[in-house]
Amino acid sequence: QVHLVESGGGLVQPGSSLRLSCAASGFTFSTVVMGWFRQAPGKEREFLGGISRGGASAVYADSVNGRFALSRDNAKNTVYLQLNSLKPEDTAVYYCARTRDVDIPRSIANYDYWGQGTRVTVSS
């Protein structure tokens, strides 16, 4: 059974950094592309970035490019999202998700399993 469990969220001040983790189980982690999304209150879920199966390449949404970074450790079945220079508008629930696509899709519809999310609140 596929499980994705995010962790690492919390309450931080503007300008801070956080590293979110997503631990995967129930499938061969190294064979799938992983993505990160977020959903702010009253807004639709948005794509943040995705990382290739081996971790050599990643793509990012324009809104976070340069501030957020994805990485993965296939030996630990974990994908990470490093959040830097956080702003109040980054407040949201952050989700990791799995896709069977070979490329890194940006559409929610291309991802078949999701974690429960971890909440990030950026406030002074």
Assess the residue pair Arg38 and Val120 against the criterion (side chain to side chain contact (heavy atoms under 4.5 Å, CB included)); give the C-alpha distance rounded to whole Å, side-chain angles, the decisive distance to 0.1 Å, and a yes or no. CA-CA 10 Å; Arg38 70 183 177 189; Val120 173; over 6 Å; no
Can you find a pair of side-chain heavy atoms, one from [X] and one from [Y], that are under 4.5 Å apart?
X      : Y     : answer
Leu4   : Met34 : yes
Ile104 : Val33 : yes
Glu46  : Ser63 : yes

Exam field: side chain [X] to backbone [Y], donor-acceptor pair closer than 3.5 Å:
X      : Y      : answer
Thr118 : Tyr94  : no
Arg106 : Leu48  : no
Gln1   : Gly26  : no
Arg67  : Ser85  : yes
Ser30  : Asn74  : no
Thr99  : Asn110 : yes
Glu6   : Cys96  : yes

Between [atom1] on residue [X] and [atom2] on residue [Y], distance to nearest 0.5 Å:
X     : Y      : atom1 : atom2 : value
Asn84 : Arg19  : CG    : CZ    : 11.5 Å
Ser7  : Gln116 : OG    : CD    : 8.5 Å
Leu83 : Asp90  : CG    : CG    : 7.0 Å
Ser21 : Lys76  : OG    : NZ    : 9.5 Å
Ser52 : Arg72  : OG    : CZ    : 7.0 Å

Test of understanding: with salt bridge (charged side-chain N to carboxylate O under 4.0 Å, His left out), list the residues that count as partners of Asp103, not counting sequence neighbours. none
Which pairs with one or both residues in residues 18-45 pass ring pair (Phe, Tyr, Trp, His ring centres under 6.0 Å), sequence neighbours excluded? Phe37-Phe47, Phe37-Tyr111, Phe37-Trp114
Smallest separation among heavy atoms of Asp112 and Arg98, with atom names: OD2-NH2, 2.7 Å
Under a 3.5 Å cutoff, is there a donor and acceptor pairing between the side chains of Asp73 and Thr78? no
If you count heavy atoms of other groups shown closer than 6.0 angstrom to CD of Glu44, is the number above 12? no
Take Ser123 and Gln13 through the test side chain to side chain contact (heavy atoms under 4.5 Å, CB included) and record every step on the way to the result. CA-CA 5 Å; Ser123 175; Gln13 293 187 339; over 6 Å; no
Same cluster or not: are [X] and [Y] linked, directly or through other Ile, Leu, Val, Met, Phe, Trp or Tyr residues, by side-chain heavy atoms under 4.5 angstrom apart?
X     : Y      : answer
Val5  : Val32  : no
Val79 : Val64  : yes
Leu70 : Tyr113 : yes
Leu81 : Leu18  : yes
Tyr80 : Phe68  : no

So which residues get pulled into Leu11's cluster when ILVMFWY side chains under 4.5 Å apart are joined, directly or through others? none
